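To start, the structure under review is shown below, and the notes come after it.
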Amino acid sequence: MVSDIIDEIIESRLKKKSKIFMNKEILHPDYIPETLPHREKEIRKLAEILVVALKGERPSNVLIYGLTGTGKTAVAKYVTKRLAEKAPTLNARLLHAYVNTRKVDTTYRVIASIASSLGLRIPSTGIAISEVYRRYIKALENWGGLHIVVLDEIDYYVKREGDDLLYKLVRINEELEKARVAIIGITNDINFVENLDPRVRSSLGEEEIVFPPYDAEQLYDILKQRADKAFYPGVVSSRIISYCAALAAREHGDARRALDLLRVAGEIAEREGANVVTIEHVKKAQIELEEGRIYQAASTLPLHPKLVLKAIIELMKEKGTSTTGEVYNKYFKIALEYGIEPLTQRRISEIITQLDMIGLINAVVVSRGRHGKTKLIKINSELLDIIEGAIKL
Ligand SMILES: Nc1ncnc2c1ncn2[C@@H]1O[C@H](COP(=O)(O)OP(=O)(O)O)[C@@H](O)[C@H]1O
Ligand SMILES: [Mg+2]
């Protein structure tokens with residue numbers, strides 16, 4: 001009886017109060033705490049750059065970079081929000097926009113989103129990009145204040161749409177008489193910064209702030225602060241927090257990763273009806289998160305890498321580990337079965353290297369004496385089903 005199952009779930013999940021979470025929202029990646037431990041220096045630096053906005057002057061554009069989970073988004077949102085809150089008390093005209101250009105993914109939507117923070121309503125389609133831009137400029141001039149625009153994860157945007165908009169925005173002040181715009185660009189990708197058009201980099205990077213990774217002790221403090229508010233007292237011991245911090249510190253000091261571990265461990269504890277979070281729960285959380293990451297990585301691959309994975313999976317089932325040549329032959333056959341033109345063996349070798357780097361397969365180079373070298377390729381048996389499920393063609 002389906003309705004009984006639903007009743008039971010509603011009863012157990014909604015009516016019964018959680019014994020684990022006091023306020024789970026606090027562990028959500030978008031939640032910004034009141035204070036950001038171990039980012040005082042970065043907050044200070046960004047605030048020093050932007051504070052002149054409260055005198056009506058245009059601050060320098062800022063380029064922020066550092067690995068994922070180092071607090072870039074949190075710091076940028078924190079500082080811009082706090083300054084904008086102060087503005088009215090100082091008679092300053094200051095507004096801020098935040099756009100994640102990985103999620104808001106077209107030039108049209110990026111400008112529309114920036115403009116909407118000035119109260120401008122742009123229809124979701126139907127007008128030209130140049131017209132949206134023109135309306136933004138007009139609204140800026142009518143208002144005459146200082147607009148701080150945070151463009152997050154700009155590498156995604158530029159790789160997709162090119163750097164025209166960025167180039168335009170960093171020079172927008174040349175078109176303005178009364179209003180001013182300051183751009184804060186954020187990226188996780190250091191290569192992106194180095195490959196940026198020098199003109200864009202010099203304008204955007206008038207100031208640059210690099211966010212270093214957190215170490216295990218810093219992650220401990222960050223987790224502790226959140227855990228104290230998110231969990232009921234006594235549910236998460238300091239040993240659990242240290243453990244999550246140590247695991248995340250090994251992954252380049254990613255605070256998001258550390259928070260995810262703690263949140264998922266809590267969810268598992270709750271599902272199991274436990275009263276406290278244990279090391280076992282964290283270990284299970286780590287596996288769950290890793291499986292999620294693998295699934296995500298495999299399911300979003302382009303067609304040919306998926307075909308190569310399919311070939312490796314079939315070979316795993318037939319004989320276990322296989323060589324580059326065997327993978328190529330199998331791939332070739334599968335491609336033809338699907339009516340797809342196979343790529344060259346050289347391209348397939350490159351794809352194998354990439355799949356290895358993403359962590360979807362294991363490839364070890366071995367010498368075959370006078371036959372040269374090959375790779376021995378396999379997929380971790382625990383991940384086989386997940387990957388197979390993720391690449392459904
Ligand atoms: N110093 C900090 N104190 C508290 N929470 C932090 C700190 N640094 C990062 N976080 C949290 O970790 C997660 C990832 O941070 P985020 O700013 O999104 O990283 P990035 O943008 O560099 O990838 C967010 O939930 C954020 O609130
Ligand atoms: Mg971010």
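Each ligand, and each atom within it, is numbered from 1 in the order the structure gives. Values reported hereafter were calculated over all heavy atoms of this structure, with side chains retained and with hydrogens, waters and symmetry mates removed. Small disclaimer: the values here were computed from a predicted structure and weren't measured.
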*In chain order, what residues pass the ring-ring contact (aromatic ring centres under 6.0 Å, His included) check against His281, with sequence neighbours excluded?*
none

*Decide yes or no on side-chain hydrogen bond (donor to acceptor under 3.5 Å, both in side chains) for His252 and Thr68, but give the supporting numbers first.*
CA-CA 9 Å; His252 76 252; Thr68 51; 3.3 Å; yes

*the Mg ion (ligand 2) contact by Thr73, N, O or S atom under 2.8 Å*: yes

*Using a threshold of 4.0 angstrom between heavy atoms of the protein and any atom of ligand 1, which residues qualify?*
Pro29, Tyr31, Pro33, Leu36, Pro37, Arg39, Leu67, Thr68, Gly69, Thr70, Gly71, Lys72, Thr73, Ala74, Tyr214, Ile222, Gln225, Arg226, Ala255, Arg256, Leu259

_Does Glu217 have more than 12 heavy atoms from other residues, nucleotides or ligands lying within 6.0 Å of its CD?_
no

_Carboxylate-amine/guanidinium proximity below 4.0 Å for Arg109 and Glu161_ = no

*Flag the pair Lys103 / Tyr156 as yes when at least one side-chain heavy-atom distance between them is below 4.5 Å, and no otherwise.*
no

*asked:* Measuring only between side-chain heavy atoms, which start at C-beta, is Glu42 closer than 4.5 Å to Lys45?
replied: no

